Q: 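Okay, handing you the structure first.
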Amino acid sequence: MTLQQEIVGNAMQMAVVNLRPGQTVYCEAGKFLFKTTNVTMETRLSGPSNGGNGQQQGGSGSGGMGGLLRQAMGTAMQVGQRALAGESLAFQYFTAQGGEGTVGFAGVLPGEMRALELDGTRAWFAEKDAFVAAESTVDFGIAFQGGRTGMSGGEGFVLEKFTGHGTVTIAGAGNFIDLNPADFGGRIEVDTGCVVAFEEGIQYGVQRVGGLNRQGLMNAVFGGEGLSLATLEGNGRVILQSLTIESLANALKKAQGGDKQGPTGGLFSTHAG
């Protein structure tokens, strides 16, 4: 069922969610803004897939001690994945009690938010830290891009994965644009930091900017993109953002008099992210 929410604001948007009695929504720790008094808040290490609607399952229906052990191991694996990915270790769950309730969430950077509707047929993948909140019927996971693609892709090495049914809200920096690679010959190439989210079925990869020749080196050293571009192929929805975390960090450094990359950008950037 679609989550009843309104995305408000301009430069720094927020999601105001209206919960039906007994309905639960969860967010990554640090994304909560406000709630009405009849909305309960609980912090847990387990994701919603560890017990359906965020509730832990136990007793004889879970296989006694064996079920509890499997549940504990599953929780530990989830927490370990999130720790490796640099994500928040815990989730906060909000449930309306005794009537309808309201709760507000926001991202951490100036920019847009977007509600994605999952019908169970396609998963969605998003950049690290894009997740804001979701219904308890949506499962949150971590997808690691392996090998050369991940290591050279920067922010593409770790992706958030959303499956199940319901609404998930994501946030990014700057303004969003929705594209389908199929409308552009089946493939688009973008700055690795501009990718916010894409549907399952889109092939994500990383390629070198130009060849190992004079123009390729000029692109890498002076073009501001480094050595790699992200590639997105296939037929499906892709969401890009106009502001990258690296460009924002460099602008702040420059404003504080700490810009050490000079006029070249690219390979000479001092940004460590």
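Since the structure is predicted, the reported quantities are computational estimates derived from the model, not experimental observations.
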Q: Taking the side chain from E160 and the backbone from I142, do they hold a donor-acceptor pair closer than 3.5 Å?
A: no

Q: Answer yes or no: is there a side-chain heavy-atom contact under 4.5 Å between L232 and L240?
A: yes

Q: Main chain of L19, side chain of Q23: is a donor-acceptor contact present, judged purely on distance under 3.5 Å?
A: no

Q: Linking I/L/V/M/F/W/Y whenever any side-chain heavy atoms sit under 4.5 Å apart, do F125 and I177 land together?
A: yes

Q: Does one side chain, of Q5 or T167, offer a donor that lies under 3.5 Å from an acceptor on the other?
A: no

Q: Using the rule that two of Ile, Leu, Val, Met, Phe, Trp, Tyr join whenever any of their side-chain heavy atoms come within less than 4.5 Å, decide whether L33 and V39 are in one cluster.
A: no

Q: What's the shortest heavy-atom distance between Y204 and A230, and which atoms?
A: CE1-CB, 3.9 Å

Q: What's the shortest heavy-atom distance between G236 and P181, and which atoms?
A: O-CD, 3.5 Å

Q: Is there a path from V8 to V103 through hydrophobic residues (I, L, V, M, F, W, Y) whose side chains come within less than 4.5 Å of each other?
A: no

Q: Side-chain contact test, heavy atoms from C-beta onward, threshold under 4.5 Å: evaluate it for T192 versus L229 and give yes or no.
A: no

Q: Step by step, work out the side chain to side chain contact (heavy atoms under 4.5 Å, CB included) result for I188 and E233.
A: CA-CA 7 Å; I188 57 176; E233 300 180 75; over 6 Å; no

Q: Have a look at E112 and tell me which of I239, N175, V196 forms a side chain to side chain contact (heavy atoms under 4.5 Å, CB included) with it.
A: N175

Q: Roughly how far, to the nearest 0.5 Å, is OG of S242 from CG of D191?
A: 11.5 Å

Q: Assess whether atom CG of D183 is packed by more than 12 heavy atoms of other residues, nucleotides or ligands within 6.0 Å.
A: yes

Q: Keeping the roles fixed (side chain from K35, backbone from A96), state whether a donor-acceptor pair exists under 3.5 Å.
A: no

Q: Establish whether V16 and L3 are linked, either directly or via other cluster members, by ILVMFWY side-chain heavy-atom contacts under 4.5 Å.
A: no

Q: Are the side chain of Q241 and the backbone of L243 linked by a donor-acceptor contact shorter than 3.5 Å?
A: yes

Q: Looking at every non-hydrogen atom in both residues, tell me the closest pair between N38 and E100 and how far apart they are.
A: ND2-O, 2.9 Å

Q: Please determine whether salt bridge (charged side-chain N to carboxylate O under 4.0 Å, His left out) holds for the pair E199 and R122, giving the CA-CA distance in whole Å, both sets of side-chain angles, and the decisive distance to 0.1 Å.
A: CA-CA 7 Å; E199 285 184 299; R122 276 191 174 189; 3.0 Å; yes

Q: Distance from T43 atom OG1 to F32 atom CZ, nearest 0.5 Å?
A: 10.0 Å

Q: Quick one: ring pair (Phe, Tyr, Trp, His ring centres under 6.0 Å) pairs with a partner in residues 97-118, sequence neighbours left out?
A: F94-F105

Q: Within 45° of the axis and under 6.0 Å from the centre of the six-membered ring of F198, does NZ or CZ of R237 qualify?
A: no

Q: Would the distance check show the side chain of Y26 and the main-chain N or O of V138 forming a donor-acceptor pair, the cut-off being under 3.5 Å?
A: yes

Q: Does atom NZ of K161 have more than 12 heavy-atom neighbours, drawn from other residues, nucleotides or ligands, at distances under 6.0 Å?
A: no

Q: Decide whether T36 and T102 meet the rule of one side-chain donor and one side-chain acceptor closer than 3.5 Å.
A: no

Q: Let's go through Q203 and T231 carefully: what are the C-alpha distance in whole Å and the side-chain angles of both, what is the deciding distance for side chain to side chain contact (heavy atoms under 4.5 Å, CB included) to 0.1 Å, and is it a yes or a no?
A: CA-CA 8 Å; Q203 300 299 313; T231 62; over 6 Å; no

Q: With hydrophobic residues grouped by side-chain heavy-atom distances under 4.5 Å, do M14 and L116 end up in a single group?
A: no

Q: Can you name the nearest heavy-atom pair linking L118 to V168, along with the distance?
A: CD1-CG1, 3.6 Å

Q: Would you indicate whether the side-chain heavy atoms of L45 and F91 approach each other to under 4.5 Å?
A: no

Q: Looking at V238, is its backbone amide N or carbonyl O close enough to the side chain of N180 to form a donor-acceptor pair, meaning the two atoms are under 3.5 Å apart?
A: no

Q: Of the non-hydrogen atoms in M113 and F176, which two are nearest, and what is the gap between them?
A: C-CE1, 4.1 Å

Q: Could you give the distance from CD (Q92) to CE (M41), rounded to the nearest 0.5 Å?
A: 5.5 Å

Q: Show the nearest heavy-atom pair for residues T163 and A123, with the distance to one decimal.
A: CG2-CB, 3.6 Å

Q: Run the side chain to side chain contact (heavy atoms under 4.5 Å, CB included) test on E135 and V25 for me, step by step, so that the C-alpha distance in whole Å, both residues' side-chain angles and the decisive distance to 0.1 Å come before the verdict.
A: CA-CA 4 Å; E135 288 183 85; V25 64; 5.6 Å; no

